[in-house]
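All chains are named by letter (A, B, ...) in the order of the sequence lines, taking the proteins before the strands, and each is independently numbered beginning at 1. The basis for the numbers below is simple: all heavy atoms, side chains too, and nothing from hydrogens, waters or symmetry mates.
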Protein chains: 2
Amino acid sequence: MSDIDSAEEVVLDPEREAATKAQVFAAAERLFALNGFQNVSVRDITAEAGVNLASVNYHFGSKDALLYEIFRRRTAEMNRERARMLHQAADRHGGKPPVRDILEALFAPPLRWSNPAHERRISVQFIIRARSEGTEAMKETLRTDVSHLKRFADALIAALPHLPREDIYWRLHFALGMLHNNRFAEFDRLHVLSDGATREADVDGLLRRMIDFAEAGFLA
Amino acid sequence: MSDIDSAEEVVLDPEREAATKAQVFAAAERLFALNGFQNVSVRDITAEAGVNLASVNYHFGSKDALLYEIFRRRTAEMNRERARMLHQAADRHGGKPPVRDILEALFAPPLRWSNPAHERRISVQFIIRARSEGTEAMKETLRTDVSHLKRFADALIAALPHLPREDIYWRLHFALGMLHNNRFAEFDRLHVLSDGATREADVDGLLRRMIDFAEAGFLA
DNA sequence: TCCATTCTCAAACAACCGTTCGAGAGCCCC
DNA sequence: GGGGCTCTCGAACGGTTGTTTGAGAATGGA
């Protein structure tokens, strides 16, 4: 093939085979995060990615399998980052971090990644959507794969030895509720409610507010 | 038409005209609450209600209009009950109820209605779903119609005069997050996490736990 | 009794969905 | 240079979706 032809139309380079799959993955994550799972068709994804319609089924098997692969990869990354911060907090405090540091390890990764300037902003939106709109397979995973949450529950039990375990689990549930409710629509409501007095959410300020509230709840 | 024929097949009584609309409404609410908004077709609804397929469009205009009417009626009922409890709390405390009573007025109606024995259990599930899976029209309503929340914000401002209003709004946002996260799937996760040690949720115990946690957060 | 209104019903419509198929292009290795 | 493998592409398939249509039954008032 001559140079002239290759200049007119993109030819397949060695990376292209993997490139198509990666482009489908990225386009799907972006569209799902923005418009919801049910409102995005396979045709939307392939059009956005600039690839053929059959690519989704060829590379991922099915639309649901593609959704699940995005979900699994992104939640794994999030859990890894949380575990890393919890581990660092344990190192700082001789293996027994206080409630405040545990909550920071739980809240900070999703909040920091939600920053408009952060590249993983889309991934956080995707994960949030998966919690409510996800396939039954996703919800089943969220329901039964709690090993990563167990680390946080154990750390809280060590930090609050006087508190019954049942209380710890419930309060962890409440803290996660505070976090998962942070959608964009809810921020708008807050803005309307305060007649515009509430600033646009800077994530570090929000993180501090959430930790303050949840810490008091755990120490009650 | 003879008596024999009318015994074989149900004839139209005077109430029947309204009955069809009510049956569609009830069947739609039940199916949407159980299976999600996108996973229920008009055919599912009319089959469950035992009416003709065209009934939905005839009585409600469209599927989305039916959804929105259920949403509007149920949220209005919920808001009314919350306002009633807040009003009662104000009467008990000379017009200035403490944080604890305000939180109870906010949490108790949806929690009590979630009780398996309560007839409005389905309605609560529907409302919860509307918050995440709802039409854009529903979310717009949730976003802009905050008049009912303003009553609670004002009561909290009166109860916590030393706290900046911006903090009040944020902490109200957190408290609502705790509440809205109470889905059935999340309860399952809690159960798995605690190795079955956590009892089945009795709503009064859960209500007390939530108020304890949120009250401490507000008083922090 | 007759007309107008309201409602039900079976059938069809057009659009969109996820998935599959067969042909063919490009590539590597023998 | 030829066979095998991977991947892309346009086209089509079967199914489901929300909505519309036109005819007919039942009802209430004149």
Side-chain angles (χ1 to χ4, degrees), chain A residues 1-25 27-28 31-32 35-70 133-137, chain B residues 1-25 27-28 31-32 35-70 133-137:
Chain A
M1 182 170 288
S2 70
D3 289 334
I4 299 177
D5 285 336
S6 67
E8 182 180 338
E9 198 171 26
V10 180
V11 286
L12 297 185
D13 22 337
E15 312 161 344
R16 177 67 183 279
E17 21 177 311
T20 295
K21 187 171 184 179
Q23 282 170 21
V24 168
F25 187 99
L31 289 180
F32 283 137
N35 307 332
F37 289 178
Q38 306 270 9
N39 300 324
V40 175
S41 67
V42 175
R43 284 166 177 83
D44 293 332
I45 297 171
T46 52
E48 170 94 355
V51 301
N52 186 266
L53 170 63
S55 301
V56 166
N57 292 85
Y58 179 79
H59 284 287
F60 295 93
S62 70
K63 182 192 182 186
D64 279 347
L66 165 62
L67 256 170
Y68 190 76
E69 185 160 330
I70 301 174
E133 308 174 35
T135 319
E136 200 50 46
Chain B
M1 182 170 289
S2 71
D3 289 334
I4 298 178
D5 286 336
S6 68
E8 182 180 338
E9 198 171 25
V10 179
V11 285
L12 298 185
D13 22 336
E15 311 161 345
R16 177 67 184 280
E17 22 177 310
T20 295
K21 187 172 184 177
Q23 283 169 21
V24 168
F25 186 98
L31 288 181
F32 283 136
N35 307 330
F37 290 178
Q38 306 271 6
N39 300 324
V40 176
S41 67
V42 176
R43 284 166 178 82
D44 293 332
I45 298 170
T46 53
E48 170 93 356
V51 301
N52 185 267
L53 170 63
S55 302
V56 166
N57 294 85
Y58 179 81
H59 284 287
F60 295 93
S62 68
K63 181 193 181 184
D64 279 347
L66 164 61
L67 256 171
Y68 190 76
E69 185 159 330
I70 301 174
E133 308 174 34
T135 317
E136 199 51 44

Chemist: Measure CD/B/Gln38 against C1'/C/dC16 and give the value in whole Å, please.
Modeler: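 From B/Gln38 CD to C/dC16 C1': 14 Å.
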Chemist: Without decimals, in angstroms, what is the distance between A/Leu67 CG and C/dT19 P?
Modeler: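 One finds 10 Å between P of C/dT19 and CG of A/Leu67, rounded.
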Chemist: Expressed in angstrom and rounded to an integer, what is the separation of B/Phe60 atom CZ from C/dT8 atom C1'?
Modeler: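 One finds 15 Å between C1' of C/dT8 and CZ of B/Phe60, rounded.
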Chemist: Can you name the nearest heavy-atom pair linking A/Ser62 to A/Ala65, along with the distance?
Modeler: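 For A/Ser62 versus A/Ala65, the nearest heavy atoms are OG-N, 3.1 Å.
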Chemist: In the 5'-to-3' direction, what one-character label does each nucleotide of nucleotides 10-18 of chain D receive under the scheme B = base within less than 4.0 Å of a protein heavy atom, S = sugar-phosphate only, - = no such atom?
Modeler: BBB----BB
Chemist: Quick one: which of A/Thr20, A/Ile45, A/Val42 gives a side-chain contact (heavy atoms from CB on, under 4.5 Å) with A/Ser55?
Modeler: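 Exactly one candidate clears the test, A/Thr20.
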Chemist: Give the rounded distance in Å between these two atoms: NE2 of B/His59 and C1' of D/dT19.
Modeler: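 Roughly 16 Å, once rounded to whole Å.
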Chemist: Kindly give the heavy-atom pair with the smallest separation between A/Ala27 and A/Glu48, and that separation in Å.
Modeler: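 So the two residues come closest at CB-CG, 3.6 Å.
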Chemist: Nearest heavy-atom pair of B/Leu66 and B/Phe25: which atoms, and what distance?
Modeler: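 Heavy-atom minimum between the residues: CD1-CA, 4.5 Å.
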Chemist: Examine C/dT8: is either OP1 or OP2 under 4.0 Å from a nitrogen or oxygen in the side chain of B/Thr20? Give yes or no.
Modeler: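 Yes, B/Thr20 has a side-chain N/O under 4.0 Å of OP1/OP2 on C/dT8.
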Chemist: State whether the side chain of A/Asp44 and the backbone N or O of A/Val40 hold a donor-acceptor pair below 3.5 Å, judged by distance alone.
Modeler: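 The answer is no, because no donor-acceptor pair under 3.5 Å joins these two groups.
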Chemist: Separation of B/Tyr58 atom OH from C/dT6 atom C1', in whole Å?
Modeler: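 In whole Å, C/dT6 C1' lies 5 Å from B/Tyr58 OH.
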Chemist: Could you tell me whether a side-chain N or O of A/Glu133 sits under 3.5 Å from a main-chain N or O of A/Phe37, the two making a donor and an acceptor?
Modeler: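 Yes; judged by distance alone, with no hydrogens or angles, the pair exists.
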